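Below is one structure; the comments refer to it alone.
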Amino acid sequence: MSPYPHLLSPLNLGFTTLPNRVLMGSMHLGLEEAERGFERMAAFYAERARGGVGLIVTGGIAPDERGRPTPVGAKLTTETEAEQHALLTDAVHREGGRIAMQILHTGRYAKHPDLAAPSAIRAPINRYVPHALTDDEVEETIEAFVRAAGLARAAGYDGVEIMGSEGYLINEFIAPATNHRTDHWGGTFENRIRFPLEIVRRVRERVGADFILIYRLSMLDLVPGGSSLEEVLTLAKAVETAGATIINTGIGWHEARVPTIATSVPRGAYAWVTDRLMGAVSIPLVASNRINTPEAAEQLLSEGRADMVSMARPFLADPRFVAKAAAGRPDTINTCIGCNQACLDHALKGKITSCLVNPRACHETELVLSPPRRRKRLAVVGAGPAGLALSVTAAERGHDVTLFEAADEIGGQLNLARQVPGKSEFDETLRYFRGRLEEHDVDARLGTRVTADTLMTGSYDEVVIATGVTPRIPAIPGLDRSEVVSYLDVLRDGAPVGRRVAVIGAGGIGFDVALYLTDTGDGASRRPEVYFRHWGVDTAYRTRGGLCAPERPTVPRTVHLLQRKADKVGAGLGATTGWIHRAELTQRGVTMVAGVTYRRIDDEGLHITVEGEERVIPVDTVVLCTGQEPSRVLYDELRDAGLSVQVIGGADLATELDAKRAIRQGTELGAAL
């Protein structure tokens, strides 16, 4: 009996059969433009094919110069370029997998001056105004899609995905907000959808009947002036008639002000959109967005809400996701936590994509976990993210690892993060590490405060200190008052907090504390209906784009979030999640103030100066989130005693609490020892 009978059942497409219902969704990796990038992508995709995914879709490849996301973005326009892609397809096929190439024209989202769109309307997230395509240029663009599809087939791909969602060029033709044309490519709905339908029809003619053609349909635009439900249903039927094999769900434009894939989005919350389309077409429909466990995927499929599920980032986190599910070992899956820190944030900065919980993603040819030349006895002090990553990586390679941790549980600062509403996914990361510690026989000594003498007399070949950080305490008169607490007191120890609060420090920790203190207790990160009310998503789909007025939650406290820097509050947060956190706090009535000088704390409250004006904030509690210092007393003792010792994680560099850097650093050292 299969542990996931619907997820793991084959899908017959007529001319071919997929081995299961799992589609690895498209992600731009940054390798497309990197030196030796196609060789590295071949290793990346081959590992996912070996892990059992039913169908892989690559990151977006432009069909012409204008469609490139940046001036150096990847494109497929010539046979020479197609030869590079054969490295990927050959590698995937050797592992028994199937792979489709996404054809993506970025339209008005392109970050270069030669961008184009149906109308000359600038995107709110781009500084460039697009060129409005002429009638001849529209025809040339359609032919560019067709040419790219033909070249993809010649390169050995099993199919292509036509990217028609997320606010890119095709989506811009469909939506009245971005298509103001008056010719036969605009105006009426029938004219606006002519562009995608011509692309699908002509691509099918070019590639033949025995080639997978996925159409990525924007089922919920989440922008004013987007498509209506009736239009989405009509387009889906027309796309099927035009020759699509599969319709994949697209949710939200990039400029939409509603989160769609962040960790605060409930798992599988957007499956209702795909469900609205089930039965309207006869080709398979793919549900997407925040589906990160086999249980969540199986439930959606068993309820008949989709025919397939798309998971992109979960395959960054664990390339063997499907194989582990099929083996009945979901507990061993390294679960995607939806943080976006090493994937989407990297992509937006032009960096190579990776994964916070799996730094090997996109670095398979560099971070090779081969057996060591000599087995060593390692002592690792600190079971936070850095120490855990080092311990399990080194033990997996064959080293003998003893892990010391003063607390009674593993996790370190991850145990603080998981207290914040919407960040409970860190529970999955800790579950994964616990399993790997046991699987690889790491001697984990919890509740053990190790001394320098113990380490120096323990006959260890290597000693690594990963003791984390301690809170930095600023010099503000009145800090000794009872109403002043640190973020550790609040998140770790559950210190009581009054109704009027000032949070000093607006970095990542300050935002987390503000979210924690203003949590409404209604489970918005777990209950889709509450989440959608808070963000103004019309799940009845009565409005264009699926938007309605957001419902402002009732919060338990009045909170002021303050910072010394004059920059925008939260400027250092992640590119794809910072705006979400700011919007959440704004919804909750949090006052965010930059450029603050702290004068003192007394019976009146917190005395500050902002732009030369002295103010007093009446508060019941002041929470200090003013940074950290490396906790490296033990490291200094060992170094001073002449012992060879290394330091990683927050004990090495204490800026923000950076789990991404800590896990990467621990993994890299574990692979190198």
Side-chain angles (χ1 to χ4, degrees), residues 22-29 166 222 249-252 254 256-271 273 287-297 299-300 309-319 321 330 333-348 353-359 361-362 385 411 414 416-433 508 511-512 515-516 519 523-528 530-532 534-535 537 573-584 657-660 663-664:
V22 181
L23 181 144
M24 176 178 161
S26 175
M27 296 174 287
H28 195 79
L29 304 178
E166 265 81 347
L222 297 177
T249 300
I251 299 291
H254 286 307
R257 296 294 88 184
V258 178
T260 56
I261 59 173
T263 189
S264 58
V265 179
R267 290 178 179 176
Y270 285 97
V273 182
S288 67
N289 291 54
R290 283 286 288 141
I291 304 168
N292 66 340
T293 67
E295 291 80 12
Q299 181 176 349
L300 294 177
V309 291
S310 173
M311 290 181 274
R313 295 170 301 165
F315 286 100
L316 288 173
D318 197 325
F321 182 103
I333 292 174
N334 193 4
T335 304
C336 167
I337 61 173
C339 68
N340 297 341
Q341 291 181 33
C343 50
L344 291 177
D345 283 356
H346 277 208
L348 288 179
T353 291
S354 191
C355 178
L356 182 147
V357 299
N358 176 28
C362 296
L414 296 181
L416 300 182
R418 58 196 283 265
Q419 304 304 318
V420 179
K423 290 194 173 184
S424 60
E425 293 286 13
F426 277 116
D427 290 343
E428 302 285 2
T429 305
L430 293 175
R431 179 263 310 152
Y432 172 72
F433 274 125
F511 267 81
D512 279 353
L515 288 167
Y516 175 81
D519 181 42
S525 62
R526 298 179 302 278
R527 299 169 57 198
V530 177
Y531 179 83
F532 289 133
H534 283 188
W535 285 98
V537 177
L573 300 177
T576 56
T577 55
W579 70 270
I580 298 173
H581 299 323
R582 285 190 292 271
E584 285 182 309
L657 298 184
D658 191 346
K660 180 183 73 171
I663 293 175
R664 189 199 72 236

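Computed from a predicted structure; not experimentally measured.
- Residues Phe321 and Asn292 approach most closely at CE1-O, 3.5 Å, considering heavy atoms.
- What you find for Tyr531 and Pro266 is that their closest heavy atoms are CG-CD, 3.6 Å.
- Remark: side-chain polar atoms of Asn334 are paired, donor with acceptor, to backbone N or O of Val357 under 3.5 angstrom.
- Contact between Cys355 and Ala317 at its shortest, heavy atoms only, is SG-CA, 3.6 Å.
- Residues satisfying the salt bridge (Lys or Arg N to Asp or Glu O under 4.0 Å) criterion with Arg267, sequence neighbours excluded, are Glu425, Glu428.
- Among all heavy-atom pairs drawn from Asn289 and Thr260, the shortest one is ND2-O, 3.3 Å.
- Between the side chain of Thr353 and the backbone N or O of His28, at least one donor-acceptor pair lies under 3.5 Å.
- Side-chain atoms of Thr293 come within 3.5 Å of backbone atoms of Ala296 as a donor-acceptor pair (strictly under, hydrogens ignored).
- In this structure, a donor-acceptor pair under 3.5 Å is present between the side chains of Asp345 and Thr576.
- Ring to ring, Phe433 and Phe426 are not that close: their centroids are 6.0 angstrom or more apart.
- Across all their heavy atoms, Arg290 and Thr263 have their closest contact at NH2-O, 3.3 Å.
- Every residue meeting the side chain to side chain contact (heavy atoms under 4.5 Å, CB included) condition with Ser354, not counting sequence neighbours, appears here in chain and number order: Ala342, Ala361, His363.
- Across all non-hydrogen atoms, the minimal contact from Ala583 to Trp535 is CB-CH2, 3.7 Å.
- Of the possible polar contacts, one joining the Ser288 side chain to the Thr249 backbone as a donor-acceptor pair under 3.5 Å is found.
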